[in-house]
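Report on one structure; see the data block that follows.
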Amino acid sequence: MSDYSLPDNFYTTLSEKYQQAQDNKDVLFNGDAVVNEIELIPIGDKKANIQLTMLTSLMHRPEKGDEKSNPFEKPEPELTILDKYGPDHQFRLVFNKYPVVSKHFLLVTREFKHQNTPLSEAELFASYSVLRELAKQSPTEEDWFAFYNCGPESGASQPHKHVQFMVTPSRGKFKSYADLISYNHSVPADSQKPLQDKNIPFAHYLIRLNEKDVDEEALATAFVSLFQHSMNVLKENNQNHVSFNFIMTSNYMLMVPRSCAKFEDKLGINACGVYGLILCKNQELFDMVKEIGPLEVLQKVCLPNASDLHVDEYSY
Ligand code: AMP
Ligand code: AMP
């Protein structure tokens, strides 16, 4: 068994524990109150989706955690899915106490590590292994992704290192621009050079993953390439912080460098947001995004498209 193996009944345990936690109100979720609206966004001659979600009950969620009141130091036992996971048992898997979709969970480091650090080889491969296992064990209609908010302007709220896992909206209704880029077969699948669509107004970098080639080293190499490109964009735009959002599916990794955590000081945007899943905690914000347009909102909290920016190994 590899250090990254998960039990064969992982998905069953995940579902049962989640149901229990929800019944006992250990996770605070008001699914009936969720309003979802899916918008069509033209990307060149193709169309992608952005989903706007409104959930007012999230107002109870803590805005900012700190090292002293750290929910991931000793997670609630009722929220713990696996207390020990990964090489040297360096991780835990726990439910998000304030989910917006059911079974939303996190991989957290057992020892405190700061959220402002890039993902390590083990953190990347653990995240990939969780996704691969979910793809194997969960119902075929569920598509899972992992996300990581890194840095002061990334929209993260907790400083203890955590990668999150969530299902995407149903396949027939939602396609992220990242899916469109990944499916564009005119670009070789084995390219380690990050892809960026010039029709999207903000800088973003995507590398496809080929299941048969994925190991710890391949993930780390791809991550470093995405990171190097993102750092270069931050530098070119005179940003004096390192903030980015990172998304992983079993098919690709996406990184989006960030300029600002909140749109006009009102609406927090994290990795879900830059992936095309924007969360609004009241009607006013929901109406604001619809009026301004979701792509315009994302453009303001990210950095300009950098398709024309030349990056080589000496760039940073
Ligand atoms: P981020 O906002 O990216 O830093 O993610 C931190 C996540 O932790 C948020 O989505 C919160 O909903 C979640 N969270 C906050 N407090 C707790 C807690 N006590 N147990 C589990 N998850 C929590
Ligand atoms: P935030 O306040 O943006 O950190 O998010 C509150 C909670 O919802 C956290 O658990 C987030 O990880 C999660 N979340 C954020 N955006 C979305 C979204 N668009 N759809 C579903 N869940 C989300």
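One is the number of the first residue; the rest follow in order along the sequence. When a ligand or atom number is given, it counts from 1 through the structure's own listing order.
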Fill in: Residue pair Asn251 / Thr249, side-chain donor-acceptor N/O under 3.5 Å
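Thr249 and Asn251 do not have a side-chain donor-acceptor pair below 3.5 Å.
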Ligand 1 atoms in contact with [X] (distance to a heavy atom under 4.0 Å):
X: Asn149; value: 3 (O)
X: Pro71; value: 16 (N), 17 (C), 18 (C), 19 (N)
X: Phe95; value: 21 (C), 22 (N)
X: Gln158; value: 4 (O), 6 (C), 15 (C)

Item to complete: Decide whether an N or O pair under 3.5 Å exists between Asn270 and ligand 1.
Response: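 N/O-N/O distance under 3.5 Å: no.
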Discussion item. Pairs of nitrogen or oxygen atoms closer than 3.5 Å, one from Gln164 and one from ligand 1: do any exist?
Written reply: yes
Check: [X] ring centroid to [Y] ring centroid under 6.0 Å:
X: Phe246; Y: Phe227; answer: no
X: Phe95; Y: His104; answer: no
X: Tyr252; Y: Phe145; answer: no
X: Phe147; Y: Tyr275; answer: no

Item to complete: Verify, without hydrogens or angle tests, whether Gln137 (side chain) and Tyr11 (backbone) share a donor-acceptor contact under 3.5 angstrom.
Response: yes
Worksheet item: Should the proximity of Gln115 to ligand 1, defined as any heavy atom under 4.0 Å, be assigned to the side chain, the backbone, both, or neither?
Response: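 Neither part.
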Worksheet item: Just going by heavy-atom distances, which of His162, Lys161, Lys97, Glu78 is nearest to atom 1 (P) of ligand 1?
Response: His162
